[in-house]
Amino acid sequence: MDGKVTLIGSETLSDDWGTLTRVTLDYRRDDGTVQRLSRENYDHGNAASIVLFNPEKRTVLLVRQFRYPVLANGDAAFLLEACAGLLDGDDPETCARREAIEETGHEPRDIVHVSDVYMSPGSVQEKVSLFVGHYGEDTYRDLGGGLVEEGEELEVIEMDLDDALAACRDGRIIDGKTVVLLQHLRLAELTK
């Protein structure tokens with residue numbers, strides 16, 4: 001794999017919505033010793049996320065949706081998030097645009113790529129491409145709310161950017177990609 005890592009074996013533990021694999025590898029430490037490691041890797045594909053921003057009003061469009069893993073961890077199951085979805089064969093920008101329309105009902109304009117991030121690289125293979133796009137009255141297409149066939153029932157929430165940033169600090173927004181995108185918007189304002 002590279003000079004420090006040798007893949008010894010791989011076993012598929014589950015192959016349903018995504019693939020859960022256990023790998024055994026030899027890791028060569030800097031002192032020359034080799035340590036055998038076992039790791040699990042969950043792969044359900046890469047994704048894209050976009051926060052919609054109205055620079056004139058200084059507002060963002062987010063969605064509130066049910067997240068079972070959050071509930072399983074003992075937290076409130078409905079998260080405020082930027083739009084996101086799996087690439088499903090699309091390039092990241094096309095995916096971000098598609099998800100914005102499906103989830104918020106707005107077709108964003110002036111889309112800018114922010115970065116590509118791994119949100120949980122210790123066990124999840126997913127790389128998320130992050131974008132910012134603008135919205136306004138001219139970008140509205142329909143109610144949004146997600147796709148019923150994907151189990152989505154999303155509430156579209158418009159928030160003042162300052163309130164959204166405060167929500168990142170006080171725990172109302174705890175989704176990693178959303179925190180990164182909102183902080184990016186704030187930093188972009190500061191550097192103007």
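Just so you know, these numbers come straight off a predicted model, no measurement behind them. The chain is numbered in sequence order, starting from 1.
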How about [X] and [Y]: do any of their side-chain heavy atoms sit closer than 4.5 Å?
X      : Y      : result
Phe66  : Leu71  : yes
Glu81  : Glu103 : no
Glu99  : Ile50  : no
Val117 : Lys177 : no
Val51  : His184 : no
Pro92  : Leu87  : yes
Val23  : Asn41  : no
Val156 : His106 : no

Is the number of heavy atoms from other residues, nucleotides or ligands within 6.0 Å of CD (Glu137) greater than 12? no
Gap separating the [atom1] atom of [X] from the [atom2] atom of [Y], nearest 0.5 angstrom:
X      : Y      : atom1 : atom2 : answer
Asp43  : Ser123 : CG    : OG    : 12.0 Å
Thr21  : Gln125 : OG1   : CD    : 8.0 Å
Glu107 : Ile111 : CD    : CD1   : 8.0 Å
Thr104 : Asp142 : OG1   : CG    : 8.5 Å
Ile8   : Thr24  : CD1   : OG1   : 8.0 Å

Looking at every heavy atom in both [X] and [Y], which two are closest together, and how far apart are they?
X      : Y      : result
Tyr135 : Glu158 : OH-OE2, 2.5 Å
Asp26  : Val34  : CB-CG1, 3.5 Å
Phe131 : Leu181 : O-CD2, 3.4 Å
Val70  : Ala76  : CG1-O, 3.2 Å
Arg64  : Leu80  : NH1-CG, 3.8 Å
Asp116 : Lys127 : CB-CD, 4.0 Å

Output, in order, the C-alpha distance, side-chain angles, deciding distance and verdict of side-chain contact (heavy atoms from CB on, under 4.5 Å) for Met159 and Leu62. CA-CA 8 Å; Met159 295 180 79; Leu62 302 175; 3.8 Å; yes
Does the pair Val112 and Asp110 meet the rule for a side-chain contact (heavy atoms from CB on, under 4.5 Å), with working shown? CA-CA 6 Å; Val112 175; Asp110 307 322; 5.6 Å; no
Under 4.0 Å between a side-chain nitrogen and a carboxylate oxygen: does that hold for Arg67 and Asp175? no
Are any of the side-chain nitrogens in Arg97 or Asp90 under 4.0 Å away from the carboxylate oxygens of its partner? no
Hydrophobic cluster membership, with links at side-chain heavy-atom distances under 4.5 Å among I/L/V/M/F/W/Y: are [X] and [Y] in one?
X      : Y      : answer
Ile101 : Leu61  : no
Val114 : Val128 : yes
Leu130 : Val60  : yes

Can a donor-acceptor pair be found, under 3.5 Å and without considering hydrogens, that links the side chain of [X] to the backbone of [Y]?
X      : Y      : result
Asp31  : Thr33  : yes
Ser49  : Cys83  : yes
Thr178 : Ala82  : yes
Arg58  : Asp160 : no
Asn54  : Thr59  : no
Lys4   : Arg28  : yes

Checking Asp16 against Ser14: is there a side-chain donor and acceptor pair closer than 3.5 Å? no
Ring-plane angle category for Tyr42 and Trp17, please: parallel below 30°, perpendicular beyond 60°, tilted otherwise. tilted
Under the rule for side-chain hydrogen bond (donor to acceptor under 3.5 Å, both in side chains), what residues qualify as partners of Glu102, not counting sequence neighbours? none
Does the side-chain contact (heavy atoms from CB on, under 4.5 Å) test come out yes or no for Leu185 and Val132, once each step is laid out? CA-CA 8 Å; Leu185 283 174; Val132 170; 3.7 Å; yes
Could you walk me through whether His113 and Glu93 pass the side-chain contact (heavy atoms from CB on, under 4.5 Å) test, one step at a time? CA-CA 8 Å; His113 179 253; Glu93 184 175 330; over 6 Å; no
Name the one of Val179, Leu165, Leu79 that satisfies side chain to side chain contact (heavy atoms under 4.5 Å, CB included) with Ile173? Val179
